[in-house]
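One structure below.
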Amino acid sequence: MMKRYSILLLMLFCAFLLQAQNLAVQSFSMDERDMTANTEGTIVLDQNGQKCALIKVETTQQGFSFSTGLLGVMKTEQHVGEIWVYVPEGVKRLTISHQQLGTLRNYELGESVIRARTYILKLTTGEVQTVVKQARTTQYVVFQLQPQNAVVELNGELLPTVDGIATKMMRFGTYDYRVQAPDYLPEVGKVTVNDPKQKHMVNIRLKPNFSQVTLTVGNNAEIWVNGQKRGNGTWTGNLGAGTYELETRLAGHRPQTITRDIVVTSEPQTIRLNAPTPIYGEADINSTPPMADIYIDGQKCGQTPQLIDQLLVGEHQLRISRQGYSDYNSTFNVREGETANVNTTLAKQVTQTPTSPVNSATSSSDQKRVVTVNGVSFTMIRVDGGTFQMGATSEQQSAYSDEKPVHQVTLSSYYIGEAEVSQELWQIVMGSNPSLFKGDKCPVEQVSWDDCQDFIRKLNQQTGLKFRLPTEAEWEYAARGGNMSRGYQYSGSNNLNDVAWYEENSGNSTHDVKAKQPNELGLYDMSGNVVEWCQDWYGSYQSGSQTNPHGPSLGSSRVLRGGSWLGDAWFCRVASRYYNTPVLRNGGLGLRLVLQ
């Protein structure tokens with residue numbers, strides 16, 4: 001009896017050793033470009049209020065538990081194909097346990113994890129089988145859905161859906177299901193589960209309850225459907241059966257509205273909408289001395305004195321210019337059926353011969369352009385063209401691989417914003433303020449790349465100028481100080497606290513623009529406050545020299561440049577680059593303008 005008992009213990013011990021060998025670590029490393037642990041919405045704090053490090057455990061298995069000893073695990077999250085494990089800074093070892101796959105005790109990570117950084121741990125696991133197999137009485141039901149946003153209710157339970165696929169393990173039997181999606185006819189039915197060897201597939205293609213409708217209008221006017229803006233000039237989309245109010249709008253014009261019944265058909269429908277009708281007023285422009293050139297919204301309209309009719313109602317930019325006199329710049333409003341009056345005296349220019357060299361970065365009159373929009377002014381700084389080395393130059397410590405190779409870039413001259421676009425400028429142009437941290441002089445944030453394009457389009461309409469986002473090369477050249485560069489690691493200094501708001505000094509919020517020291521060109525906040533969108537698609541650098549590069553012609557992500565209030569010093573370097581989808585919005589994303 002004792003002998004049999006000893007043999008049984010030995011068998012159990014061997015089984016435990018075999019089980020433990022099923023769990024191993026394939027690799028562990030930091031992912032320097034993964035900002036998940038330092039991005040608003042996915043940040044987790046430890047017991048001391050500090051940002052945790054994030055270990056992404058790549059595995060298709062579920063049911064794991066993790067331990068770091070005394071430092072503890074702050075949080076775990078199950079994601080598709082990986083488990084997120086949040087741990088405090090300083091963790092060196094990780095114990096991984098699984099009920100079937102065993103335990104890997106005190107695995108040495110090889111380094112102490114750093115807060116707010118993301119690490120990748122790849123697991124390898126074996127399969128565990130029992131000696132006795134019982135008859136299977138359950139199996140997966142898999143729904144493949146068209147459209148992919150359809151939802152499934154199975155046996156009264158709403159199933160989660162990913163990319164048009166919903167799954168559920170069910171006991172053998174017959175169950176009712178219902179599949180539905182917006183603008184589609186629902187489908188109901190029954191599914192029977194009885195095969196232990198293979199999953200039960202249910203393919204559902206819902207019948208549409210809509211028509212494809214194209215709405216068009218001239219003048220690139222805005223198109224509104226039932227009070228919601230859908231596009232400019234042309235919009236194509238799906239509309240269900242019903243009655244719709246279709247409206248066109250354009251600044252300075254009277255909107256046009258029609259009501260249309262939409263009937264579901266298999267053929268696409270095109271509806272031509274009436275364009276908004278212009279609303280006119282006039283302006284009487286005069287100056288002392290007379291015979292000065294009049295520019296309205298950037299277009300020459302004659303010389304003073306002049307009565308100008310057929311002006312669209314709304315705000316207009318005015319410039320009056322005569323040789324030997326300083327330009328007069330202002331805005332004026334035109335109202336329907338009324339005459340706006342502008343009468344000004346031009347200031348005569350005084351020519352002086354400088355006794356010392358002019359500092360071209362700050363003193364020369366053509367080095368700055370002040371633009372005023374409805375009382376809000378901002379300054380554009382001239383960046384003289386030149387040639388520079390772009391990327392991971394010697395002063396850029398710990399540069400990442402996508403900052404290489406260093407390559408020569410030649411740029412033409414351009415103007416760039418002295419500061420990031422403020423909330424008061426965004427508000428006056430867009431009529432709203434999406435920012436998380438409110439303040440007129442703070443940079444606008446929570447704006448996507450697409451939002452920035454809409455803002456720039458409206459700003460150009462109101463000023464008659466041609467603003468845009470900087471290219472990635474223009475941004476880095478300006479951040480380095482252009483042809484006045486002193487080779488700093490950050491924009492304007494090697495001491496980051498002098499020039500930037502970042503995670504060490506921001507107090508977890510943005511600050512007024514221009515509160516830190518400027519760089520060599522007089523530009524503020526290029527290493528901190530908010531990250532700034534660039535015009536380019538993101539792509540790898542080329543080794544050859546380039547002139548006025550604009551990045552790849554196609555892509556899925558746009559370039560982001562500069563540090564932010566929630567980023568660490570590494571991201572504040574002038575060569576640091578990262579990227580995201582054009583629709584991303586968060587409290588750390590803003591913009592800076594360029595005027596060519």
Side-chain angles (χ1 to χ4, degrees), residues 23 25-98 103-123 398 400 436-437 445-446 496 500-510 528-531 560 563-573 576 578-580 584-589:
L23 194 58
V25 174
Q26 178 179 329
S27 64
F28 175 81
S29 62
M30 179 193 294
D31 188 342
E32 294 183 348
R33 291 197 299 174
D34 191 326
M35 300 175 63
T36 306
N38 199 30
T39 297
E40 184 179 1
T42 54
I43 293 173
V44 172
L45 304 181
D46 63 16
Q47 305 96 324
N48 299 316
Q50 299 293 325
K51 297 175 185 176
C52 287
L54 171 58
I55 301 175
K56 291 185 176 180
V57 181
E58 294 186 354
T59 175
T60 58
Q61 303 283 347
Q62 297 185 6
F64 287 95
S65 61
F66 304 88
S67 173
T68 62
L70 294 177
L71 291 177
V73 173
M74 295 297 101
K75 183 179 181 182
T76 60
E77 295 179 358
Q78 184 72 49
H79 292 260
V80 178
E82 60 188 19
I83 305 170
W84 292 8
V85 183
Y86 288 91
V87 299
E89 184 176 44
V91 166
K92 297 180 179 179
R93 298 180 180 87
L94 186 66
T95 295
I96 308 171
S97 301
H98 192 281
T103 300
L104 179 62
R105 300 187 183 279
N106 291 326
Y107 173 73
E108 292 278 355
L109 301 177
E111 57 181 296
S112 297
V113 299
I114 302 172
R115 62 189 174 92
R117 292 300 181 91
T118 301
Y119 299 80
I120 305 299
L121 188 148
K122 296 184 178 182
L123 276 180
S398 304
Y400 198 70
L436 176 64
F437 305 102
E445 17 86 6
Q446 292 204 128
L496 185 55
W501 297 109
Y502 67 115
E503 69 170 359
E504 295 294 336
N505 64 9
S506 69
N508 293 323
S509 71
T510 61
N529 225 357
V530 291
V531 178
L560 292 163
S564 77
W565 61 269
L566 54 76
D568 63 21
W570 186 86
F571 292 107
C572 297
R573 298 175 302 105
S576 182
Y578 28 100
Y579 56 89
N580 220 308
L584 176 70
R585 299 184 183 95
N586 66 43
L589 294 183

Going by distance alone, is a donor N or O of one side chain under 3.5 Å from an acceptor N or O of the other, for Thr36 and Lys56?
->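 There is such a pair (donor and acceptor under 3.5 Å, judged by atom type) between the side chains of Thr36 and Lys56.
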Could you grab the distance from atom [atom1] of [X] to atom [atom2] of [Y], nearest 0.5 Å is fine?
{"X": "Gln446", "Y": "Leu584", "atom1": "CD", "atom2": "CG", "answer": "10.0 Å"}
{"X": "Ser67", "Y": "Leu94", "atom1": "OG", "atom2": "CG", "answer": "8.0 Å"}
{"X": "Tyr502", "Y": "Asn529", "atom1": "OH", "atom2": "CG", "answer": "13.5 Å"}
{"X": "Lys122", "Y": "Thr59", "atom1": "NZ", "atom2": "OG1", "answer": "12.5 Å"}
{"X": "Leu45", "Y": "Lys75", "atom1": "CG", "atom2": "NZ", "answer": "10.5 Å"}
{"X": "Leu54", "Y": "Met30", "atom1": "CG", "atom2": "CE", "answer": "12.0 Å"}

Minimum heavy-atom distance between [X] and [Y], given as atom pair plus value:
{"X": "Ala37", "Y": "Cys52", "result": "CB-O, 4.1 Å"}
{"X": "Cys572", "Y": "Gly563", "result": "SG-CA, 3.8 Å"}
{"X": "Thr118", "Y": "Asp34", "result": "OG1-O, 3.4 Å"}

Do [X] and [Y] make a side-chain contact, defined as non-hydrogen atoms from C-beta onward lying under 4.5 Å apart?
{"X": "Arg93", "Y": "Tyr107", "result": "no"}
{"X": "Val530", "Y": "Phe437", "result": "no"}
{"X": "Ile83", "Y": "Glu77", "result": "no"}
{"X": "Pro88", "Y": "Met74", "result": "yes"}
{"X": "Ile96", "Y": "Leu123", "result": "yes"}

Passes side-chain contact (heavy atoms from CB on, under 4.5 Å), Asn580 versus Leu560? Steps please.
-> CA-CA 7 Å; Asn580 220 308; Leu560 292 163; 4.0 Å; yes
With the threshold set at 4.0 Å, does a side-chain nitrogen-carboxylate oxygen contact exist between Arg117 and Asp31?
->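 So Arg117 does not pair with Asp31 through a salt bridge.
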Please name the residue in the list Asn38, Leu589, Asn586, Val531 that meets the side-chain contact (heavy atoms from CB on, under 4.5 Å) test with Ser564.
->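 Passing option: Val531.
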Residue among Glu503, Glu89, Glu504 satisfying salt bridge (charged side-chain N to carboxylate O under 4.0 Å, His left out) with Lys51 |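 Among the candidates, only Glu503 passes.
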Looking at [Y], is its backbone amide N or carbonyl O close enough to the side chain of [X] to form a donor-acceptor pair, meaning the two atoms are under 3.5 Å apart?
{"X": "Ser506", "Y": "Asn508", "value": "yes"}
{"X": "Asp568", "Y": "Trp570", "value": "yes"}
{"X": "Ser576", "Y": "Arg573", "value": "no"}

Check the angle between the aromatic planes of Tyr119 and Phe28 and answer parallel, tilted or perpendicular using the 30° and 60° thresholds.
->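 The rings of Tyr119 and Phe28 lie parallel, inter-plane angle below 30°.
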Do the rings of Trp84 and His79 sit parallel, tilted or perpendicular, given the 30° and 60° boundaries?
->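 Rings of Trp84 and His79: parallel, as their planes differ by under 30°.
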Kindly determine whether Val87 and Ile55 satisfy side-chain contact (heavy atoms from CB on, under 4.5 Å), including the steps that lead there.
-> CA-CA 8 Å; Val87 299; Ile55 301 175; 4.2 Å; yes
Could you go through the side-chain contact (heavy atoms from CB on, under 4.5 Å) check for Gln78 and Gln62 one step at a time?
-> CA-CA 8 Å; Gln78 184 72 49; Gln62 297 185 6; 3.9 Å; yes
Atom CZ of Arg33 with >12 non-hydrogen neighbours under 6.0 angstrom |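 Yes, because the 6.0 Å sphere around CZ of Arg33 holds more than 12 heavy atoms from other groups.
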Any chance you could lay out the side-chain contact (heavy atoms from CB on, under 4.5 Å) test for Val57 and Phe66, step after step, and finish with the verdict?
-> CA-CA 11 Å; Val57 181; Phe66 304 88; 4.0 Å; yes
